[in-house]
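Each remark here refers to the structure printed beneath this line.
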Amino acid sequence: MFKLFAIFLVALCIIAKSLGDVIHLTEDNFDKVVDGSTNVLVEFYAPWCGHCKNLAPEWKIAGETFQDGDDIKIADVDATAASALASKFGVQGYPTIKFFPKGSKSPEEYQGGRTADSIVKWVNEKVGTSRKVKVPPSFVTTLTTDNFDDFVGGSKAALVEFYAPWCGHCKSLAPKYEKLGQVFAGDGDVVIAKVDATEDGALADKFGVQGYPTLKFFPANSKEAEDYNEARELDALVSFINRKVGTQRSADGSLLPSAGRVSSLDEVLSAANFAVDASVVDKLKTAAAALQGKAVAAGKLYVSFAEKIVSKGAEYVEKELARIEKMAASPSIKPDAKAAFQLKRNILRAFNAVTAKIEEVAAAVESDYSDEL
């Protein structure tokens, strides 16, 4: 059993090595890795160093980009724990990056940037590799001078982040901003976007960007920017967009229970004590005919559900709710389709007396809480 376990561990190590990674060097193993047999790019860092912490995720991506067969190793050294190595190679600040060419143990100064892209590009040019950083799919739209007008100033509102790749605050915001993009993915009213201000400085200058990150909100059909000056937390960002655009999203990306609901149609159902018959259908049609804007589509769903309840019986509500919940929970469903199912769920719940009452009380409590704030 132990022998099998040992083989398993060796196999894992081989797999990990083939995928590439950052090699941690110490005074004990430095000479075994930096032995002239291959090129080695080494970062000397200090655990308390802010710039080192900003570089860490980019360095890791660079290490994972290069494969075992490439003539390069990406490594790091904790200079506070291996002070003799830091002294030997003249390290005077953190992070310091040194390149050790194949066939030599004397380092050259690294002259590249501190993003994964720039590190990989520098190594490619230096040692002849041709690796590219794999960028995971993003819910945030990348804007440039070439496509900015395609996304800003049209029928959708836009929240745009102007950032710099090296900016620590930008890196802190990045995962929250990506989540924000996911929350509003597939939404027909707003786009979540970003601009690399170091690459498209003309756009940053045009909108008066003086620091990073800077968030600008552009209402639909307008290119006049409004500054976003609220908290850089997901809840605050979602709340801001809901307020500005009229969307009704929660921080987990789902639609709020109130989304799609129309008070005048809910009142028709409540007055009938949620007992739907042909007369209630007629009243819903009359009330729906007076609706405008987005409420028109919701009105059609109210009428459609009411007609099906009349033809299939009251049990249709629970059966259809169960079907819709199952469809909306599918991991393969697209964001816009999921939102459509959630909208139908919200409206169908208006026909359920118990659910409707609970949501009415919850809405009242939420309104009182907001008034107190």
Side-chain angles (χ1 to χ4, degrees), residues 48-61 113-117 135-144 147-148 151-153 156-187 189-201 203-220 222-256 259 335 339 366 369-370 372-373:
W48 46 260
C49 163
H51 293 300
C52 301
K53 292 177 181 179
N54 289 337
L55 176 61
E58 303 294 324
W59 199 252
K60 183 176 186 295
I61 292 172
R114 292 186 180 179
T115 65
D117 278 326
V135 180
S138 176
F139 292 99
V140 177
T141 301
T142 298
L143 301 182
T144 65
N147 70 354
F148 190 86
F151 291 93
V152 177
K156 289 186 178 184
L159 183 67
V160 182
E161 175 202 9
F162 292 84
Y163 73 98
W166 46 259
C167 163
H169 292 299
C170 301
K171 291 180 180 180
S172 296
L173 175 61
K176 301 171 191 175
Y177 202 67
E178 180 63 31
K179 179 62 178 176
L180 181 69
Q182 186 175 4
V183 167
F184 289 97
D187 195 287
D189 296 315
V190 64
V191 60
I192 308 301
K194 63 182 179 181
V195 173
D196 181 345
T198 65
E199 293 289 335
D200 287 278
L203 281 176
D205 291 341
K206 180 178 180 180
F207 295 106
V209 174
Q210 297 180 329
Y212 309 117
T214 291
L215 296 175
K216 299 277 186 178
F217 174 74
F218 297 83
S222 173
K223 290 185 179 178
E224 294 296 322
E226 302 176 18
D227 289 330
Y228 175 85
N229 293 315
E230 299 180 24
R232 294 175 184 167
E233 299 298 330
L234 182 60
D235 286 343
L237 289 161
V238 172
S239 178
F240 174 85
I241 292 176
N242 284 340
R243 188 171 67 251
K244 285 288 188 177
V245 183
T247 48
Q248 294 179 293
R249 298 273 181 172
S250 61
D252 65 2
S254 64
L255 288 179
L256 294 172
E366 182 179 354
Y369 178 71
S370 297
E372 290 176 4
L373 294 179

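Values below: all heavy atoms of this structure, side chains included; hydrogens, waters and symmetry mates excluded.
The two residues Phe151 and Val191 make their nearest non-hydrogen contact at O-CG1, 3.9 Å. Between Arg249 and Val238 the shortest heavy-atom distance is O-CG1, 3.4 Å. Taking all atoms of both residues into account, the shortest heavy-atom contact from Ala251 to Asp235 is CB-OD1, 3.1 Å. Of all heavy-atom pairs between Thr198 and Ala164, the closest is CG2-CB, 3.8 Å.
Under the 4.5 Å side-chain criterion, counting only non-hydrogen atoms from C-beta, Pro213 is in contact with Cys167. The side-chain heavy atoms of Glu230 and Arg243, taken from C-beta on, include a pair separated by under 4.5 Å. Using a 4.5 Å heavy-atom cutoff, the side chains of Tyr212 and Trp166 are in contact. In this structure, Lys216 and Asp227 have side chains that are in contact, with non-hydrogen atoms separated by less than 4.5 Å. Under the 4.5 Å side-chain criterion, counting only non-hydrogen atoms from C-beta, Asp196 is not in contact with Thr144. Contact check for Val160 versus Val152: side-chain heavy atoms found under the 4.5 Å cut-off.
In this structure, CH2 in Trp59 is found 11.0 Å from SG in Cys52, a value given to the nearest 0.5 Å. Between the OH atom of Tyr163 and the CD atom of Glu199 there is a distance of 8.0 Å, given to the nearest 0.5 Å. The CG atom of Asn229 sits 9.0 Å away from the CG atom of Leu215 when rounded to the nearest 0.5 Å. The CG atom of Leu173 sits 15.0 Å away from atom NZ of Lys179, with the distance rounded to the nearest 0.5 Å. Distance check: Arg114 CZ to Asn54 CG gives 9.5 Å after rounding to the nearest 0.5 Å. In this structure, the separation between CG on Asn242 and CG on Leu237 is 11.0 Å, given to the nearest 0.5 Å.
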(message) Let's go through Asp189 and Thr247 carefully: what are the C-alpha distance in whole Å and the side-chain angles of both, what is the deciding distance for side chain to side chain donor-acceptor pair (under 3.5 Å) to 0.1 Å, and is it a yes or a no?
(response) CA-CA 7 Å; Asp189 296 315; Thr247 48; over 6 Å; no
(request) Just do the side chain to side chain donor-acceptor pair (under 3.5 Å) check on Ser138 and Glu178 with the steps written out, would you? (result) CA-CA 7 Å; Ser138 176; Glu178 180 63 31; 2.7 Å; yes
(request) Give the intermediate values and the outcome of side-chain contact (heavy atoms from CB on, under 4.5 Å) for residues Leu143 and Asp200. (result) CA-CA 9 Å; Leu143 301 182; Asp200 287 278; over 6 Å; no
(request) Using the side-chain contact (heavy atoms from CB on, under 4.5 Å) rule, take Thr115 and Ile61 through it: C-alpha gap first, then chi angles, then the decisive distance, then the call. (result) CA-CA 9 Å; Thr115 65; Ile61 292 172; over 6 Å; no
(request) Test side-chain contact (heavy atoms from CB on, under 4.5 Å) on Glu161 and Val195 and set out the steps. (result) CA-CA 6 Å; Glu161 175 202 9; Val195 173; over 6 Å; no
(request) Go through the steps for Phe139 and Val183 under the test side-chain contact (heavy atoms from CB on, under 4.5 Å), then give the verdict. (result) CA-CA 9 Å; Phe139 292 99; Val183 167; over 6 Å; no
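No donor-acceptor pair closer than 3.5 Å links the side chain of Arg232 to the backbone N or O of Ser172. Side chain of Asn147 to backbone of Thr142: a donor-acceptor contact under 3.5 angstrom is found. Counting only distance, with no hydrogens or angles, the side chain of Ser222 and the backbone of Pro219 share no donor-acceptor pair below 3.5 Å.
Considering Phe240, Phe218, Phe217 in turn, Phe240 is the only one that fulfils the ring pair (Phe, Tyr, Trp, His ring centres under 6.0 Å) rule with Tyr228.
Using a cutoff of 4.0 Å between basic side-chain nitrogens and carboxylate oxygens, Lys176 and Glu233 are scored as salt-bridged.
Surrounding NZ of Lys60 are at most 12 heavy atoms belonging to other residues, nucleotides or ligands under 6.0 Å away.
In this structure, Phe207 and Phe162 have tilted ring planes: the angle between them lies in the 30° to 60° band.
Using a 3.5 Å distance cut-off with no hydrogens or angles, the side chains of Ser250 and Asp252 do pair a donor with an acceptor.
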